[in-house]
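Scroll down for the structure; my scribbles are underneath it.
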Amino acid sequence: MRPFAMGSVAVAILAVASDRGFLASADEVDIETHQLGPSCISSAEDMERNIGLFDDLLLSTEKRESIAEGMTDLGSSLTGKSMATFKQSFIQKLEDVHNGGGPFGASDACLFMLQHYGEL
């Protein structure tokens, strides 16, 4: 394959990966500089203090529901948007994290939420 054609293929692959959310943009990586980031992180940290850590493997189903409801309310409050599918998506994300998905803190929760609400 010629170098020009290979470069075009690479650009096309990157574009598709970015559109499908496989790649994080610079804004997504530094959630703290996003206009909604600091407020989101502060509220999410409050939820962790009051309900439980997002990545706590012993978090009960009720607490997962409560956290997901809190993040749904936070997302609507910060963005002015209503997302009917977010609560269940967040519960699924917590379940994935609790099944070996790695650490998941307030910044991660905000990144997930802002992506779902179309803010990133």
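Note that these values count all heavy atoms, side chains included, but never hydrogens, waters or copies made by symmetry.
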Test item: [X] side-chain N/O and [Y] main-chain N/O as donor-acceptor pair under 3.5 Å:
X: His34; Y: Glu119; answer: yes
X: Thr72; Y: Ala68; answer: yes
X: His98; Y: Leu58; answer: no
X: Asp73; Y: Gly70; answer: no

Roughly how far apart are [X] [atom1] and [Y] [atom2], rounded to 0.5 Å?
X: Tyr117; Y: Ser82; atom1: OH; atom2: OG; result: 6.5 Å
X: Ile51; Y: Arg64; atom1: CD1; atom2: CZ; result: 13.5 Å
X: Met47; Y: Leu53; atom1: CE; atom2: CG; result: 13.0 Å
X: Asp56; Y: Glu48; atom1: CG; atom2: CD; result: 9.5 Å
X: Met113; Y: Ile31; atom1: CE; atom2: CD1; result: 8.0 Å

Mind listing the closest non-hydrogen atom pair of [X] and [Y] along with its distance?
X: Leu78; Y: Cys40; value: CD1-CB, 3.6 Å
X: Gly52; Y: Leu59; value: CA-CD1, 4.1 Å
X: Asp55; Y: Phe104; value: OD2-N, 3.0 Å
X: Ile91; Y: Glu65; value: CD1-OE2, 3.4 Å
X: Ile41; Y: Cys110; value: N-SG, 3.4 Å
X: Val97; Y: Gly102; value: CG1-O, 3.2 Å

Phe90 reachable from Met83 in the ILVMFWY side-chain graph, under 4.5 Å edges: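 Yes; Phe90 is reachable from Met83 via cluster members.
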Path from Leu36 to Leu120 over hydrophobic side-chain contacts below 4.5 Å: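 Same cluster.
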Lys87, NZ atom: more than 12 neighbouring heavy atoms under 6.0 Å: yes
Step-by-step side-chain contact (heavy atoms from CB on, under 4.5 Å) determination, Phe86 to Met71: CA-CA 9 Å; Phe86 178 72; Met71 289 300 293; 3.8 Å; yes
Note: Arg49-Asp46 ion pair, threshold 4.0 Å (strictly below): yes
